[in-house]
Amino acid sequence: MENNLTIYNTLSRKKEKFEPINPPFVGMYVCGPTVYGDSHLGHARPAITFDLLFRYLKYTGYKVRYVRNITDVGHLVNDADAGEDKIAKKAKLDQVEPMEIVQKYTNSYHKNMEQLNTLPPSIEPHASGHIIEQAEMVEEIIKNGFAYEVNGSVYFDVAKYSETNNYGKLSGRVLEDLQNNTRELAGQSDKKNSFDFALWKKAEPEHIMRWPSKWSDGFPGWHLECSVMSTKYLGDKFDIHGGGLDLQFPHHECEIAQSKAAKGEDAVKYWMHNNLITIDGQKMSKSLGNFITLDEMFSGENKLLEQAYSPMIVRFFILQAHYRSTLDFSNKALQASEKGYKRLMTAIKTLNNLKASNESSIEVRGLKEKFFNALNDDLNTPILIAHLFDGVKMINLINSGDETISKDDLAFMQKLYNDVVFEILGLKDEEGAGNNDEKLSEVIELLLKLRAEAKKNKDFATSDKIRDELKEFFF
RNA sequence: GGUCACGUGGCCGAGUGGCUUAGGCAACGGUCUGCAACACCGUGUACAGCGGUUCGAAUCCGCUCGUGACCUCCA
């Protein structure tokens, strides 16, 4: 499969040519959500970034298996050693079964992701469905001498691992620094070193989510599920592992260590990290409480929001920034995206109705190369979108009669825009007030037709009435 | 405190040595329109500060200031 894609590999801190291990197949694993709350704007970013990559690789012709997990075994609320299960905590509050929480928020995550027009992953494994495999990996790691058991819990021995491996190579951390800087946690710790991390945790009596194992009734460590489920479905070596920048350390660093300790070789070829969405320059996150849920974005029901922003506006907003840059949320920025997005959609409609001439007075073929060069440069969607607007200008000039386009060139443009905007960028036209009620939009069409007729007959009273009343209903 | 990023015009946001006046939004001027909205065309302002390297730096190096991320569950 031919491609000129380069992607930034966090491991090497450089852009590298993308060469699959096993073409035409591509294996891609992305860290999914912990399902204990509504998904927020921050969740949209990796979902859209890697949806774009998924779409583009498929468009190029690769057979892509995209795995994105659901974390539902409940990780700890606060610190590693003496916390409460996050999901169990929420369950107690709501007086429901933990798995009910899991189901509820998995459903809402799916709904939001569909609204954002992200394609469902090929496989969406749940951590709770892979307890046995996780226990097996713990055993492998113990057998290979990189883990130790204390009081029913099993910890990864980072110091031992570091004798023969470079712990910290992904995040650029140095073990000595970690030793000096890791905060002393309150309470006793069974760990040999503060930087060791749990592979299996013995559950305290009040801990609801628990599974039996040879070490204790407990639950798997937080980094283990990704190591296990990625290699289970993509093989011991696979192409791409993605996730948010905040997962780089310790989560992904630990994954690397676990996989290497268990299998003897690195599992991942390209590590990709999307940057965070900020609000007033600060990271938007659950712990800071400054997040806006996607449902709120779409409905406008949040104090920070001046209006509702439809899923495609959010998608376009995110695509207008490069995935490795921070993206600052503001109403102004969203509103700008809304206008830009509508302008693009209008132009595409115009393009589809354009009349061809005998020959083209402008050069349109060069656009394609510009579009794909941008995409190939580490998915530089802001540049791609800038070039899309170059084409928008051409389309409008042709439409106004200032330029002409040949039949072949027109067909070329139509296919190009359709492929790039809808298939690859995953945008879609949301006309009809975001309602997919076809009957309703037909009725509106009818009203608009009536208004046009009234205007034609200089019956402005009627036409203005239709306009104003429709406005009342937000159209 | 340690490690690592970043600082571009009114706002968002690309660009990493020499014509990209990137692009979007806003602003301004115009076209269209019964008025308006929409749509379309055209126009301006920039590279945090200081110093250095270079024929030439927004782009490389150093320092200063500012902001942020990670070091603890987090996308």
Side-chain angles (χ1 to χ4, degrees), chain A residues 13 30-34 36-37 39-50 68 71 74-81 83-86 89 168 171-174 176-183 185 194-195 222 242-251 253 273-278 280-288 291 316-317 320-322 324-344 346-347 349-350 370 374 377 380-390 392-393 395-397 399-400 402 455 458-460 463-464 467-468 471:
Chain A
R13 316 244 155 200
V30 175
C31 290
T34 302
Y36 68 106
S39 22
H40 59 84
L41 199 50
H43 292 102
R45 193 141 198 218
I48 288 171
T49 299
F50 294 105
R68 186 179 64 204
T71 296
H75 291 163
L76 301 173
V77 169
N78 249 318
D79 63 52
D81 290 49
E84 193 182 1
D85 184 305
K86 197 187 281 179
K89 181 179 181 183
S171 55
R173 251 149 255 252
V174 180
E176 287 170 20
D177 295 340
L178 287 174
Q179 180 104 54
N180 297 334
N181 292 312
T182 303
R183 194 181 303 171
L185 296 166
S194 54
F195 46 66
W222 332 288
L245 195 60
D246 49 353
L247 296 177
Q248 194 174 305
F249 189 89
H251 185 57
E253 197 69 64
H273 293 94
N274 61 273
N275 215 318
L276 308 176
I277 290 184
T278 58
D280 290 327
Q282 259 206 326
K283 171 182 167 180
M284 183 181 286
S285 76
K286 286 214 161 108
S287 39
L288 291 172
F291 63 93
F316 190 72
F317 171 67
Q320 267 186 310
H322 186 88
R324 283 192 288 115
S325 300
T326 54
L327 174 59
D328 199 50
F329 165 87
S330 72
N331 282 283
K332 237 178 159 178
L334 261 302
Q335 284 156 9
S337 290
E338 175 172 20
K339 297 228 172 173
Y341 162 73
K342 285 186 173 161
R343 184 154 172 248
L344 180 62
T346 303
K349 264 185 241 163
T350 306
K370 286 185 183 167
D377 183 14
N380 198 328
T381 50
I383 292 284
L384 168 60
I385 290 172
H387 290 314
L388 283 173
F389 280 103
D390 292 342
V392 165
K393 186 163 283 184
I395 290 165
N396 289 327
L397 286 170
N399 189 45
S400 65
D402 293 315
K455 279 180 72 173
K458 306 263 181 202
D459 182 0
F460 299 124
S463 71
D464 285 358
R467 177 181 73 198
D468 295 341
K471 225 180 218 166

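Residue numbers start from 1 in every chain, and the chains themselves are labelled A, B, ... in the order their sequence lines are given, proteins ahead of strands.
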Margin query: Run the ring pair (Phe, Tyr, Trp, His ring centres under 6.0 Å) test against A/Phe317 and tell me which residues pass, sequence neighbours left out.
Written below: none
Checklist line | Listed partners of A/Glu338 passing salt bridge (Lys or Arg N to Asp or Glu O under 4.0 Å), at least two apart | finding: A/Lys342
Margin query: List the residues meeting side-chain contact (heavy atoms from CB on, under 4.5 Å) with A/Leu41, not counting sequence neighbours, and say none if there are none.
Written below: A/Ile277, A/Met284, A/Leu294, A/Met297, A/Val314, A/Phe329
Next item on the list: Please report, rounded to the nearest Å, how far the C1' atom of B/G13 is from the CG atom of A/Leu327.
Entry: 9 Å
Next item on the list: With sequence neighbours excluded, tell me which residues meet side-chain hydrogen bond (donor to acceptor under 3.5 Å, both in side chains) with A/Ser39.
Entry: A/Asn112
Note to self: Please encode protein proximity along nucleotides 20-27 of chain B as a string of B, S and -, counting only heavy-atom distances under 4.0 Å.
What the structure shows: --BSBSS-
Checklist line | All side-chain contact (heavy atoms from CB on, under 4.5 Å) counterparts of A/Ser330, not counting sequence neighbours | finding: A/Lys332, A/Ala333
Note to self: Just to verify, what does A/His322 make a ring pair (Phe, Tyr, Trp, His ring centres under 6.0 Å) with, not counting sequence neighbours?
What the structure shows: none
Next item on the list: Convert the base pairs of RNA chain B into dot-bracket notation, remembering that pairs crossing earlier ones are written with [ ] and that bases paired across to another strand are shown as |; include only Watson-Crick or G-U pairs under 3.5 Å.
Entry: (((((((..(((.(...[.)..))).(((((.......)))))....(((((..]....))))))))))))....
Check: What one-letter contact string describes nucleotides 65-70 of chain B from 5' to 3', where B marks a base within less than 4.0 Å of any protein heavy atom, S marks contact via sugar-phosphate atoms alone, and - marks no contact?
Finding: ---SSB
Note to self: So, using side-chain hydrogen bond (donor to acceptor under 3.5 Å, both in side chains) as the criterion, who are the partners of A/Gln248 when residues are at least two apart?
What the structure shows: none
Checklist line | By salt bridge (Lys or Arg N to Asp or Glu O under 4.0 Å) - contacts of A/Arg324 (at least two apart) | finding: A/Asp378
Next item on the list: Could you tell me which residues satisfy side-chain hydrogen bond (donor to acceptor under 3.5 Å, both in side chains) with A/Thr326, sequence neighbours excluded, listed by chain and number?
Entry: none
